[in-house]
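To start, the structure under review is shown below, and the notes come after it.
Note that the coordinates shown come from a computational prediction; the quantities given were computed from them, not determined experimentally.
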Amino acid sequence: MATAQLTTDRLAEKHRSTLDQALATIRTRAYWSPYPEHPKAYGADGSLDAAAGLAAHQSALNTRFDLDQPGTDGWTGGETSPYGPSLGIEYPHADLDVLLPAMRAGMGAWRDAGAETRALVCLEILARISARTHEFAHAVMHTSGQAFMMAFQAGGPHAQDRGLEAVAYAYEEQTRTPAGRADWSKPQGKRDPLELSKEFTPVGRGIALVIGCNTFPTWNGYPGLFASLATGNPVVVKPHPRAVLPLALTVQVAREVLAEAGFDPNLVTLAVERPGEGIAKTLAVRPEIRIIDYTGSTAFGDWLEANARQAQVYTEKAGVNTVVVDSTDNYKGMLANLAFSLSLYSGQMCTTPQNLLIPRDGITTDQGPKSYDEVVADLAAAVGGLLGDDARANGLLGALVNPDVKARLEAAAGLGEVALASREVVNPEYPDAVVRTPVIVKLDGSKPDAQAAYFSECFGPVSFAVSVDSTDDALELLRRTVREKGAMTVGAYTTSADTERAVEEVCLEESAQLSLNLTGGVYVNQTAAFSDFHGSGGNPAANAALCDGAFVSNRFRVVEVRRQA
């Protein structure tokens, strides 16, 4: 084990108050974040400002990203930015038969360090990542296609929030049982009492595997990474082949901090695949892998749940997110809110609404009755107005992450009457970027061919305005959709207390997270760490929620040692 440069006392001095605040906030569900959202907040206290972050990103391009990992048997790479340029970075390729045994070597010392030290080391990792947020923002932007500001916030402080949230839950679950010695005495009447000394130790399950996603590599990757590490498990990070750099930077920081704290840096490693290698499937069924975190397609998530039988598997897959439109007392606000939700990151979020269920006889609003056709036309106009300026459109849309999204977008126009056609937006800074505005397609909810379209996930900037016979029919369709296809989010607009209660009951029974009557600056496809749960784990879209006690509690077991007093 390396000589510690970061002592436990020093870590506690730096981070114990942050941990305490995180623990308090997951109980109150109030707003709080220790990581600044504004780019101008960086540049002091050793953090990188905008210029330094860009320079750091550019210095990594066209280089070898050496992590000094055991078992490196070659180099691989091939990332191309959705904005056009090739990143030109080569990463170490690992011989798993060498890498995985090396990862287990540091488990004993990491276990014996205890829950508090593990949490504080994780907070130091997050603090150093936070200091490099500008650098990470460019890495996320040029692997996911997010516009810079979204990459900065979602890939930076919001992802760090989710990592810290997981650490807080991990610490709380591990400390439910007293640490150290507990004396036990059972009275025996006139005889001497029975007395034992007992020790309880949280023990990690084994090596954890994080399978990264293309669209939100840090935001979706950090909860599992930090939940497993904080509960005593080594973690091997397998990034999406199109989005390696953000997680490679994360692993680099984690290894540096672990070594400085006196632990084996091989507690966190990177496994990058060669083209077509399919290393995720290989890793997932290896006996050393005891925990898996995955975000991505339903097909591979289902495969993991069925085949990685030796591991505890946490999946966030796909669903069909739905908004029920019954009535509103703020028609303009509703349209603006929905327009932004449909447009943000070109709809490439697992929380973006897809199906808008609207009664064919129309809805009541503060501007008078609005027919189905009027609602759809007005929503199309709201999206068009929001994205009419190309500079603003580029800032909201980013770039399409891969050709599959473009193909789905183009095919959607043939599924029904197009209420809003998608248009190409030119990005003057990155002319090779594929930027498209959303398409809105009108579908008759009663027709079988329409059902085949709206009852399947169409990931990307595609939304269906589905006409239904009534709000009651919309609620039944919502129930069926969540039950059979899953949903990460549900939205509803209504001025009726009875309808509000009815849609709430559907979501409670089917375990779907619900947002009601959003008309301001909070959107259905955004969630706040420490307060909002991302997914529920109770419907087919995901078997876990980010983040609750269940997300961390089965990553470790408590082992008891009893001694005769």
Side-chain angles (χ1 to χ4, degrees), residues 319-342 351-380 382 419 440 442-447 450-451 454-455 463-527 532-533 535-536 538-541:
V320 177
N321 301 319
T322 301
V323 176
V324 175
V325 182
D326 168 73
S327 55
T328 180
D329 57 7
N330 186 351
Y331 187 60
K332 182 178 179 181
M334 179 189 79
L335 294 174
N337 192 280
L338 285 174
F340 189 93
S341 298
L342 301 183
T351 49
T352 300
Q354 174 179 301
N355 293 345
L356 309 175
L357 308 185
I358 306 167
R360 66 181 77 254
D361 291 335
I363 66 172
T364 59
T365 80
D366 57 319
Q367 297 183 17
K370 297 289 183 178
S371 68
Y372 163 82
D373 288 333
E374 286 176 315
V375 173
V376 178
D378 290 344
L379 177 59
I440 300 177
K442 297 167 73 172
L443 296 175
D444 186 335
S446 65
K447 293 184 176 179
Q451 292 176 12
Y454 67 71
F455 211 58
S463 292
F464 299 119
V466 182
S467 64
V468 293
D469 289 337
S470 66
T471 296
D472 287 342
D473 288 330
L475 295 179
E476 283 307 306
L477 179 54
L478 169 65
R479 181 188 298 278
R480 180 184 166 209
T481 301
V482 177
R483 181 176 294 175
E484 297 183 23
K485 299 297 181 178
M488 295 299 293
T489 60
V490 172
Y493 289 89
T494 183
T495 57
S496 163
D498 290 341
T499 299
E500 181 174 319
R501 179 57 192 163
V503 70
E504 184 178 348
E505 189 64 23
V506 170
C507 291
L508 289 171
E509 291 177 357
E510 304 301 332
S511 296
Q513 311 294 18
L514 171 64
S515 297
L516 284 164
N517 296 319
L518 298 184
T519 56
V522 176
Y523 304 95
V524 67
N525 43 350
Q526 297 173 319
T527 58
D532 296 321
F533 292 109
S536 70
N539 69 65

Item to check | Residue list, ring pair (Phe, Tyr, Trp, His ring centres under 6.0 Å) with Y523, at least two apart or on another chain | outcome: F340
Quick one: [atom1] on [X] to [atom2] on [Y], what's the gap to the nearest 0.5 Å?
{"X": "S463", "Y": "L338", "atom1": "OG", "atom2": "CG", "result": "9.0 Å"}
{"X": "L516", "Y": "L514", "atom1": "CG", "atom2": "CG", "result": "4.0 Å"}
{"X": "L357", "Y": "F464", "atom1": "CG", "atom2": "CZ", "result": "12.5 Å"}
{"X": "Q354", "Y": "N321", "atom1": "CD", "atom2": "CG", "result": "7.5 Å"}
{"X": "S470", "Y": "D361", "atom1": "OG", "atom2": "CG", "result": "9.0 Å"}
{"X": "D378", "Y": "L335", "atom1": "CG", "atom2": "CG", "result": "6.0 Å"}

Which atoms form the tightest heavy-atom contact between [X] and [Y], and what is the distance?
{"X": "P540", "Y": "G486", "answer": "CD-CA, 3.7 Å"}
{"X": "S511", "Y": "N539", "answer": "O-ND2, 2.7 Å"}
{"X": "S536", "Y": "A512", "answer": "OG-N, 4.5 Å"}
{"X": "G445", "Y": "V466", "answer": "CA-CG1, 3.5 Å"}
{"X": "N525", "Y": "S341", "answer": "ND2-O, 2.9 Å"}

Item to check | Under-4.0 Å salt bridge between R480 and E476 | outcome: no
Next on the checklist: Going by side chain to side chain contact (heavy atoms under 4.5 Å, CB included), name the residues that satisfy it together with N330, two or more places apart in sequence or in a different chain.
Outcome noted: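 Counting only residues at least two positions away or on another chain, N330 forms a side chain to side chain contact (heavy atoms under 4.5 Å, CB included) with T328, K332, T519.
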Are any of the side-chain heavy atoms of [X] and [Y] separated by less than 4.5 Å?
{"X": "E505", "Y": "L475", "answer": "no"}
{"X": "T494", "Y": "T471", "answer": "no"}
{"X": "L443", "Y": "N355", "answer": "no"}
{"X": "T489", "Y": "Q513", "answer": "no"}
{"X": "L477", "Y": "T322", "answer": "no"}

Checklist entry - How far apart are the C-alpha atoms of V506 and V482, what are their side-chain angles, what is the distance that settles it, and do they pass the side-chain contact (heavy atoms from CB on, under 4.5 Å) test? => result CA-CA 9 Å; V506 170; V482 177; 5.7 Å; no
Next on the checklist: Go through it in stages, so that I can follow the logic: the residues are T527 and F533, the test is side-chain contact (heavy atoms from CB on, under 4.5 Å), and I'd like the CA-CA distance, side-chain angles, deciding distance and then a yes or no.
Outcome noted: CA-CA 7 Å; T527 58; F533 292 109; over 6 Å; no
Next on the checklist: Go through it in stages, so that I can follow the logic: the residues are I440 and L356, the test is side-chain contact (heavy atoms from CB on, under 4.5 Å), and I'd like the CA-CA distance, side-chain angles, deciding distance and then a yes or no.
Outcome noted: CA-CA 10 Å; I440 300 177; L356 309 175; 5.5 Å; no
Next on the checklist: For N517 and D329: C-alpha separation, side-chain torsions, deciding distance, then whether side-chain contact (heavy atoms from CB on, under 4.5 Å) applies.
Outcome noted: CA-CA 9 Å; N517 296 319; D329 57 7; over 6 Å; no
Checklist entry - Short question: side chain of Y454, backbone of D444 - any donor-acceptor pair under 3.5 Å? => result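 It does not hold such a pair.
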Checklist entry - Does D326 reach the main-chain N or O of A492 with its side chain, forming a donor-acceptor pair under 3.5 Å? => result no
Checklist entry - Can a donor-acceptor pair be found between the side chains of T495 and S327 at a distance below 3.5 Å? => result yes
